Visitor: 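Have a look at this one before I ask anything.
Proteins get letters first, then strands, A, B, ... in listed order; numbering begins at 1 in each. Quantities reported herein were computed from a predicted structural model and do not represent experimental measurements.
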Amino acid sequence: MLRFIVRRLLLLVPILLGLSILVFVFIRALPGSPAESLLGERATPEAIAQVREQYGLDDPIYIQYAKYLETTVAEFDLGVSIVSRRDVTAELKERFPATVELALAAMLFSVGLGIPLGFFAAKRYGGIVDHTSLVASLIGISIPIFFLALVLKYVFAVRLGWFPSVGRIDVLIDLEPRTNFYVIDAIIARDWTALRDVLEHLVLPAVALGSIPLAIVARITRAAVLDVQNEDYVRTARAKGLSPRIVDSRHVLRNALLPVSTIIGLQTGLLLSGAVLTETVFARPGMGTWLTDAIFNRDYPVLQAGILFLSIVFVLVNLVVDISYAIINPRIRYSS
Amino acid sequence: MARRLRKPVALLAVALVALTAASLGGAGHQSRTLVFGASRDPLILDPILVSDGESLRPIRQIFEGLMTVVPGTARVGPSLARSFKASNKGRTYTFALRKGVRFHDNTQFNAQAVCFNFKRWYNFKGPFQSSAATSYWQSIFGGFQTTVGNTSAPVGQQQSLFRSCQVVNRYTARINLTRPSASFIGALSLPSFSISSPAALRRYEADKAELRGGSPVFTGSYGFEHPTGTGPFRFESWRRGERLTLARFSRYWGPKAHLSRIIFRPITTNAGRLQALQTGEVQGYDLVDPQDMATIRSNRSLRLLNRPQFNVAYVAINQQQEPMNRLAVRQAVAYGLDRQAVIRSSIYAGRGEVAHAFMPPSLPGYAKNVKKYKYDPARSRRLLQGAGLRLPVRIEFWYPSGVQRPYMPDPPRIFQAFAASLERAGFDVVPRSAPWSPDYLNAAQTGKAGHLHLLGWTGDYADADNFLGEFFQAPKPQWGFNNRAIHRILERAEAETNTKKRTALYQQANRQIMQFLPGIPYAHTKPALGFQTRVRGYIASPVSLEPFRLVFYGGGT
């Protein structure tokens with residue numbers, strides 16, 4: 001197992017190197033540069049030339065890449081945002097927890113609801129519950145995240161006023177951001193008002209972001225349960241006289257969860273990318289809004305660091321999924 | 001199993017219902033705190049280092065300059081300077097300063113503080129000489145005393161308008177310029193030239209910066225954690241992406257602010273700001289979309305506030321693109337644009353008026369008797385044929401995508417309307433579009449945006465120089481012409497300190513410009529702000545510099 005993990009971690013090096021080249025070239029292939037973006041309507045050709053010179057934007061691209069690699073790898077410096085003029089690392093530390101918090105909430109929503117839904121649909125195969133969950137999951141997969149987010153926001157925040165429409169926390173609540181995971185920060189501070197407020201701010205974005213994974217998890221669970229419950233070992237367990245509850249939990253669900261765990265891993269990556277839209281709609285200061293603004297402003301250092309960082313997270317999440325897969329499935333554990 | 005799963009599902013449902021019920025009560029905002037929806041975070045709160053509206057809005061509350069704009073107008077009035085006297089043919093300005101003014105760190109404001117700030121700006125080096133960092137200083141004052149580091153900023157007294165600052169006595173400061181400039185006083189009302197506490201600047205290392213990877217990084221904490229001015233609000237805290245909080249300054253020299261706190265909350269989308277206003281998460285925001293105005297009007301707890309017009313939208317003509325170098329063709333364009341129809345359409349939602357010059361009518365120097373161009377497509381065709389051109393004349397017309405500006409609320413629709421009217425006037429319009437920033441702006445500024453392109457300008461301060469001077473005082477690739485007569489008259493007007501003569505020069509310039517037609521101005525607009533009805537005392541400023549000191553809640557809240 002250890003060799004497997006080390007091998008996968010070592011694989012990160014060429015992946016990241018390749019990715020960094022791709023990101024570096026793609027970003028610079030976009031028309032325009034940060035110079036015009038920074039100066040706006042007040043840009044003069046002289047000022048643009050000055051900023052281009054200052055940021056080294058006139059150097060050949062391989063020299064720019066070499067400089068970038070030198071500062072990033074040799075000095076562990078992700079650079080400075082061209083727009084906010086702050087350390088990219090400092091901004092990353094503020095933004096990433098917001099996105100992780102949202103992705104986890106969305107995952108919790110989709111798994112917490114998707115597995116029972118899929119399970120019940122399979123148990124009542126062909127019945128109303130099954131058909132309803134099928135239709136609902138089809139709708140869930142088909143609705144674009146941003147549209148659902150806008151509808152949820154309009155209905156539950158603007159019309160009904162049940163939930164806040166923007167941000168991560170009420171601006172009048174003072175919560176010391178120790179970890180930048182506000183749920184954790186509120187618990188550490190034992191500030192239950194803040195905790196309730198943070199959770200309220202999470203509900204609508206998490207439901208919007210979790211809708212597609214919810215549908216997928218429900219469908220995969222349903223299919224897997226249907227598959228597993230006709231297996232010989234399940235029939236044997238039943239024949240041995242085990243109670244239906246034990247058969248379901250020990251034999252059916254545990255084996256049915258194998259494909260579900262893979263899907264959850266893959267969905268985590270999608271959740272991170274889906275957060276871009278959700279965060280924009282709900283004005284949550286996370287990686288999504290950070291990177292969107294960076295694209296519009298051609299903020300190269302932010303884009304490079306942000307995309308590479310998300311790639312690392314994606315690869316690591318997949319590694320964790322593989323490991324958990326091995327833990328859940330003894331056959332893989334023994335063969336490895 | 002099914003029964004076992006019912007329990008967690010039920011718990012989840014109960015939790016959701018409880019959460020919903022809990023939120024129904026709504027925390028409600030504490031009284032005397034105003035939450036204002038900003039479109040994004042400020043960049044830094046060191047006035048001289050910014051030129052964008054979202055940074056200048058809070059800076060206007062924390063800091064004050066020698067001059068300011070009178071609330072609700074673009075007129076320049078006294079602020080930290082009670083009065084000033086020009087001498088030495090407009091090269092010397094002596095300011096009588098206000099007494100008894102304290103900075104937020106409790107140090108005293110005096111002539112030494114004024115000169116400290118001016119000398120700081122003039123002596124900026126290295127990263128601070130980037131035009132992205134000190135754009136207003138460079139555009140108004142030109143250069144720095146010395147050039148240090150890899151920059152192409154103008155240098156020395158030949159380039160800089162600023163020569164020196166003298167402390168005449170404790171409350172009198174004298175600023176010497178290298179050449180006469182009548183726009184100098186108007187420019188001093190820009191929040192960028194606000195006076196910071198010298199003690200705080202030193203203590204929190206405002207001048208500490210380094211170049212990393214070619215980028216200027218301000219490593220001192222002054223502009224991020226300790227901005228210190230004399231304004232009615234002091235800096236309290238700033239959590240990027242979430243809020244910037246200012247608190248009332250209890251030792252303010254003038255009438256104290258009604259509000260105890262202002263919170264600027266960044267919400268990037270216009271729809272998001274509108275919804276936050278509807279839910280009460282913010283109590284006001286700027287630049288309401290024309291299509292959202294009906295929503296605000298129909299809600300009794302919300303209201304619209306008009307900002308006096310101080311902008312111009314125009315169709316720029318690039319004379320480097322044949323046949324635009326011919327006056328008859330430019331006139332054909334002017335007669336071929338149905339400006340009245342565009343202004344009357346739903347695009348401007350009744351918030352615009354047809355522009356006849358490149359500056360707003362409220363400014364001294366505006367001329368009513370400029371040549372006007374009423375929509376006349378038949379005349380356009382005759383002009384084109386008279387110029388020996390075969391109809392239709394093919395022209396490339398650029399417009400930006402993904403943007404709304406106060407003077408240009410819906411660029412694609414404006415383009416469509418103009419393109420249709422130009423086609424009736426004998427042109428074959430080839431549409432070209434690009435994302436606003438940086439692509440479109442880059443193309444426009446470097447003269448690569450076809451024959452015609454849409455653009456506009458919102459004034460920074462009340463001076464004709466900030467409009468006509470910006471556009472036409474020197475040759476620019478955007479317009480692609482070199483007309484010595486126009487450039488010269490604008491140079492003379494900028495330097496003229498006699499108000500009457502100056503006004504006459506700008507009026508003359510306006511007439512010449514509209515004869516020469518470097519472009520066609522088409523709209524002045526009144527942008528709008530959205531507020532909750534109970535917010536009172538917000539006096540909209542044409543230059544977007546509102547003093548929050550005057551804001552209060554009506555109805556005892």
Visitor: Would you indicate whether the side-chain heavy atoms of B:Glu281 and A:Val171 approach each other to under 4.5 Å?
Guide: no
Visitor: Quick check on A:Leu117 against chain B: is it the side chain, the backbone, both or neither that has a heavy atom closer than 4.5 Å?
Guide: neither
Visitor: Pick one of side chain, backbone, both or neither for B:Arg239, based on which atoms fall under 4.5 Å of a heavy atom in chain A.
Guide: side chain
Visitor: Let's test your reading of the structure: which of A:Tyr182, A:Phe156, A:Phe282, A:Trp290 forms the most heavy-atom pairs below 4.5 Å with chain B?
Guide: A:Tyr182
Visitor: With a 4.5 angstrom heavy-atom cut-off, could you sort out which part of B:Leu43 is near chain A: side chain, backbone, both or neither?
Guide: both
Visitor: Rounded to the nearest 0.5 Å, what's the gap from OG1 on B:Thr268 to CD on A:Glu279? Could you check?
Guide: 10.0 Å
Visitor: If you compare all heavy atoms of B:Thr279 against all heavy atoms of A:Val158, which two are closest, and at what distance to 0.1 Å?
Guide: CG2-CA, 3.8 Å
Visitor: To the closest 0.5 Å, what do you measure between CD1 (B:Ile267) and OG1 (A:Thr289)?
Guide: 12.0 Å
Visitor: Minimum heavy-atom separation for B:Gly272 to A:Val166, with atom names?
Guide: O-CG1, 4.2 Å
Visitor: Where do A:Ile169 and B:Arg265 come nearest, in terms of heavy atoms and distance?
Guide: O-NH2, 3.4 Å
Visitor: One thing to verify: whether A:Asp174 and B:Arg243 come together as a salt bridge, which I'm taking to mean a side-chain N less than 4.0 angstrom from a carboxylate O.
Guide: yes
Visitor: Name the option with the most non-hydrogen atom pairs under 4.5 Å to chain A; the candidates are B:Arg240, B:Arg40, B:Gln278.
Guide: B:Arg240
